[in-house]
Amino acid sequence: MTSASTQCYAPTANVPGELKIVQDATCTFCGCVCDDIDLTVKDNHIIEAKRACVLGKAWFLNHHTDDRPSCLIDGKPATLEAGYDRAAQILTTGKYPIIYGLSDSPCEAQRVAVSIADWIKGTIDTTTSVCHGPSGMAFQGVGEVTCSLGEVANRGDMIIFWGSNPAESHPRHFTKYSLMPKGMFLPNGRKDRTCVIVDVRRTKSAKAADIFIQIKPRKDFEALWTLRALAKGIELDPELVERETGVALSVFQDLMAKMKACKFGVIFFGMGLTMTRGKHCNSEALLALTRDMNAFTRFTAKPNRGHGNVTGADNVVAWRTGYPFGVNHSRGYARFNPGEYTTSDTLANGEADSGMTIACDPMANFSQPAREHLASIPYIALDTKETPTTRAAAVAFTVATYGINTGGTVYRMDDVPIPLRPAFESPHPSDFDVLTNIEERVKKILGIT
Amino acid sequence: MTSPDYIKISQGTVYDPTNGVDGEVRDIWILDGRIVDAPTDAAVRPSRVIDATGLVVMPGGIDMHCHIAGPKVNVARKMRPEEKRKAELIHSTKLTHSGTMGSVPSTFATGYKYAGLGYTTAFDAAIPPLGARHAHEEFDDTPCIDKGIYLLMGNNHYVMQCLQKNEPEKLKAFIGWLLTAAKGYAPKLVNPGGVEVWKSHQAGNVSGLDSLVDHFQVTPRQIIGGVAKAATELRLPHSVHIHCNNLGMPGNWETTLETMRALEGHRGHITHIQFHSYGGGNGDENTFNSKTIPLAEYVNSHPNITVDVGQVLFGETTSMTGDGPLGYFLSNVYGGKWFSSDTEMESGCGITPIKYRNKSLVHALQWAIGLEWYLLVNDPWRVVMSTDHPNGGSFLAYPQIIRLLMDRTYRQDVIKTCHPQVRERSTLGDLDREYTLNEIAIITRAGPARILGLKDKGHLGAGADADITIYTPHDNKETMFELPRMVIKSGRVIVEQGEIRDPLNGKTLHVQPDYDHEVEADIQTWFEKYYSIRWRNYPVDLSYLNESCVVPLK
Ligand code: SF4
Ligand SMILES: [Zn+2]
């Protein structure tokens, strides 16, 4: 069914020894998805990545094609064909197959992965379930008032970062979108904006703040609820507030006064909020506060998403299944249940009997019970490099790197879709190719036309 | 001699209003996805004969205004898990993908359900150009139907700037460029000017056609008139497509009338006009009433204007709109979860769950006003069936609307279940017009095809796309229309009796107007100053379209 070509912009040919410039290439290293990088390419190496930040430069310049077979079966080199066959066999034999990862693949490949999950009646889940899944659930509870990043650049005169440290996680966030740009309604750039950072520790980002508020660890919910109360004009007990949050009531009062007085406020929040005590309740409180603020002025919120295309994964899974992540097809139709169909939970409960991981490394970062269970079942792993997850896989594919070797589409953290302009071809197949080949075989085995 | 490629639909009762065929028994011949004249050589035999004796044959349905793809539709999917489990389950089969229903079906389910209903073409009516790539990606996963998008332009900064500086040629070029870059079909205005005010002011909006949009110093009237004129001069197949200011507000009928006047004789399509036909004022529910009559009279006497209805059906649904301030208003009325998103330089968006209740005076009147529109516009070629899916209700309610239009006894029965004031505050109870099958064929396929400028669709003459629906006649028209006997798309049988047989992927309909390319340099300068993505990464490449179909200009 998937018919989109895998690459809207295929890499152009390289002439040995000659320099090639790829203009407006897209960096997929973090959720900023900067699409203004000019790459200088020579002999299948990127020797310059103009405008990229330190992380982006490392991503482009340190990229080297892994000199290993494109396919390993049980750790031994094999042909791609044999790998596809074995993969299809594993996925169609299991009673409870799971497919997990997706956030570092272009949408074109994600779409095929969701197709496979549907055909094999398996679970499809993305790394959203271990980062901003709680924001997704909070969103289902209260909604969200948000905007695109260009709106932040053009209008945002009060920028709050909550549990997010963009100076280290999204290095160009400040300069490109949130603090420095001279926007349409903010001709003086940084001078026209107030920056507030709320965190449990003084992060590197704190230096950028006009106001830094350090709250007690695990007290985000209480701090947000304090602000909601102040927005509504409810009187609070100063002692209680300070004891609970570690911050004087007057600090919150001052912040609320500034929030009400601004013209267009934006709260960026990170995993410091979503993955600490309270999880989706924290996100819900933040989204609700943002909504409340619209009774006084314009206010928006936005999760600072991490991986290059985790936002695309949410979108693709949602348009195909109706749910954003953690979707199970065992009954032949889509069901959503975070905590059950989210992969870290499924594995920790010892429930899956086969699987496929795509551009992710659960063997390195899941809980021990989850890792032990994954190691005990046959699974396929797609990655650009060798990882603990590929090492324990029954079939491991080494794939080309998206944005460097392959094209496709990536969604920025504000849901803006952006095309990729790859620099040079890889000897390895793209994840789209691998998945398409596996899908073909899966369909054949299952008699799907 | 057998020609392997011909298909013949034999002896059906054909309704093809475009070609003046009103219920005549005919054969229809198909070759290579198109309708052709019967071969003159009597020896030519079709490879397949579909016996339509006793059955009704019409062109495939065309939904000219719905919300089925792109950023806000997908947000609504993510936001509403609660309605999916209790909704119809869409299982995967050996041919088809699984999906989910509820008010905002998943992509595959959307394609299958439209096809199952005998619809073969649908247009998503509100895509921010910055999200066009997303809409096209979803379309590639929406099988069975041909698709197109309207691009939000009513709050576009460049549009407003051109009007402010009185540069109509530039405006024309910009619209031409934007439609080409985003692979769009028509310019769409949503609350022109109002969304921009919403972006910069708490609960901001414009109040009428002559409110000034600050910073740009233009009025909704200028935006409507300017874009309507540009659309005419670009010879676009469809006109400007307008969601008026003040949607849903008591007393908004005057804004609607002014909007029609602001067209200054240019073609214009007023969408979901039901939501824009209210009398009363000051938010006072007691004064709320129908103003369909004066508006329909204006439409009747102004052939440059076409409308679709935006019928409300009782039940739960999701409101989704490019009208940011409206989303805020509705979320405060209903108190449920609320999504809002502002897109740089272009547009806004509001989503909230809603429920229409027949015992509510306002909701029952909205329902009645929708039906009044069908019954009070004299020329069925200028009024189109829509629910503004999913805003007024699902597209799956079309068979029910057909029954309400064709069966006045049934209509009266439903009025009886509504709030009693409906009879006093609308004329619906006094209208005894009943639609004929021919008129239904007009408002669901022939009419929208003509309004959209789709010469190859909405009819069964030689050269038309072989998009054909065959129905089993039934006294209950809802029964007849909800389960077509057979649906043919591009000459292939894709549905039989509700079962998907061939989930082909359709075409994307878009336009490529001629425009002054010299203006691009100026657009680029503006773009690079304010957008957060690069100029080169903005246009949607043809590779995103499963099959591109450029619809000729007028
Ligand atoms: S900010 Fe993120 S996307 Fe931009 S260059 Fe740095 S790592 Fe890449
Ligand atoms: Zn609409």
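Worth knowing before you read on, the calculation uses all heavy atoms, side chains too, and leaves out hydrogens, waters and symmetry mates. Reminder, nothing fancy here: chain letters follow the sequence lines and each chain counts from 1.
Contact tally against chain A (heavy-atom pairs below 4.5 Å) for B/H215, B/K199, B/H136: the top residue is B/K199. Heavy-atom pairs under 4.5 Å with chain A were tallied for B/G131, B/G102, B/P128, B/S341; the largest tally goes to B/S341. In terms of heavy-atom pairs under 4.5 angstrom with chain A, the leader among B/A76, B/S340, B/G336, B/S106 is B/S340. With chain B as partner, the option from A/T321, A/V142, A/D24 having the largest number of non-hydrogen pairs under 4.5 angstrom is A/D24. When each of B/G350, B/A132, B/S92 is checked for heavy-atom pairs under 4.5 Å with chain A, B/S92 comes out on top. Between chain A and the residues B/E138, B/R85, B/E137, the largest count of heavy-atom pairs under 4.5 Å involves B/E137. Put simply, of A/V33, A/D118, A/I448, A/V317, the one with the most heavy-atom pairs under 4.5 Å next to chain B is A/D118. Of the listed residues B/Y531, B/Y538, B/W198, B/W535, the one with more heavy-atom pairs under 4.5 angstrom with chain A than any other is B/W198. Most heavy-atom pairs under 4.5 Å with chain B, from the set A/T26, A/D35, A/T449: that is A/D35. No other option in A/V114, A/I418, A/N294, A/T300 has as many heavy-atom pairs under 4.5 Å with chain B as A/N294.
Neither the backbone nor the side chain of B/T142 comes within contact range of chain A; no heavy atoms are under 4.5 Å apart. Contact of A/R331 with chain B is made through the backbone alone, with heavy-atom distances under 4.5 Å. Residue A/A318 touches chain B through both its backbone and its side chain, counting heavy-atom pairs closer than 4.5 Å. Using a 4.5 Å cut-off between heavy atoms, A/K302 does not touch chain B at all. Neither the backbone nor the side chain of B/P71 comes within contact range of chain A; no heavy atoms are under 4.5 Å apart. For a residue to count as touching a neighbouring chain, one of its non-hydrogen atoms must lie under 4.5 Å from one of that chain's; by this rule A/K182 does not touch chain B. For B/L89, the part lying under 4.5 angstrom from a heavy atom of chain A is the side chain only. Heavy-atom distances place both the backbone and the side chain of A/D36 under 4.5 Å from chain B. Heavy atoms closer than 4.5 Å to chain A are found nowhere in B/V104, neither backbone nor side chain. Contacts of A/Y177 with chain B are made by side-chain atoms alone, with heavy-atom separations under 4.5 Å and no backbone atom involved. The part of A/F185 that comes within reach of chain B is its side chain, from C-beta onward, which places non-hydrogen atoms under 4.5 angstrom from that chain.
Open room surrounds CD on B/E499; 12 or fewer heavy atoms of other groups in view lie less than 6.0 Å from it.
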Would A/M293 and A/K260 satisfy side-chain contact (heavy atoms from CB on, under 4.5 Å), going step by step from the backbone distance to the final call?
CA-CA 7 Å; A/M293 292 310 296; A/K260 284 186 177 174; 3.9 Å; yes
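Within residues 143-152 of chain A, the residues having any heavy atom under 4.5 Å from a heavy atom of chain B are, by residue number, A/G143, A/E144, A/V145, A/T146, A/C147, A/S148, A/L149, A/G150, A/E151. Listed by sequence position, B/Y328 are the residues of residues 317-330 of chain B in contact with chain A, using a 4.5 angstrom heavy-atom cutoff.
Inter-residue side-chain proximity for B/F139 and B/L545 is flagged as unmet; no heavy-atom pair is nearer than 4.5 Å.
We find that B/D342 and A/R298 are joined by a salt bridge, their nearest charged nitrogen and carboxylate oxygen being less than 4.0 Å apart. Ion pairing between B/E82 and B/K84 fails under the 4.0 Å rule for side-chain N and carboxylate O.
Under the ring pair (Phe, Tyr, Trp, His ring centres under 6.0 Å) criterion, A/F325 pairs with A/F336, sequence neighbours left out. Listed by chain and residue number, A/I120, A/V442, A/I445, A/L446 satisfy the side chain to side chain contact (heavy atoms under 4.5 Å, CB included) test with A/T92 (two or more places apart in sequence, or in another chain).
Closest heavy-atom contact between A/I37 and A/R51: CD1-C, 4.0 Å. In plain terms, the two heavy atoms of A/T409 and B/R133 that are nearest each other are CG2-CD, 3.8 Å.
Between A/F139 and B/F339, the two ring planes are perpendicular [angle over 60°; tilted spans 30° to 60°].
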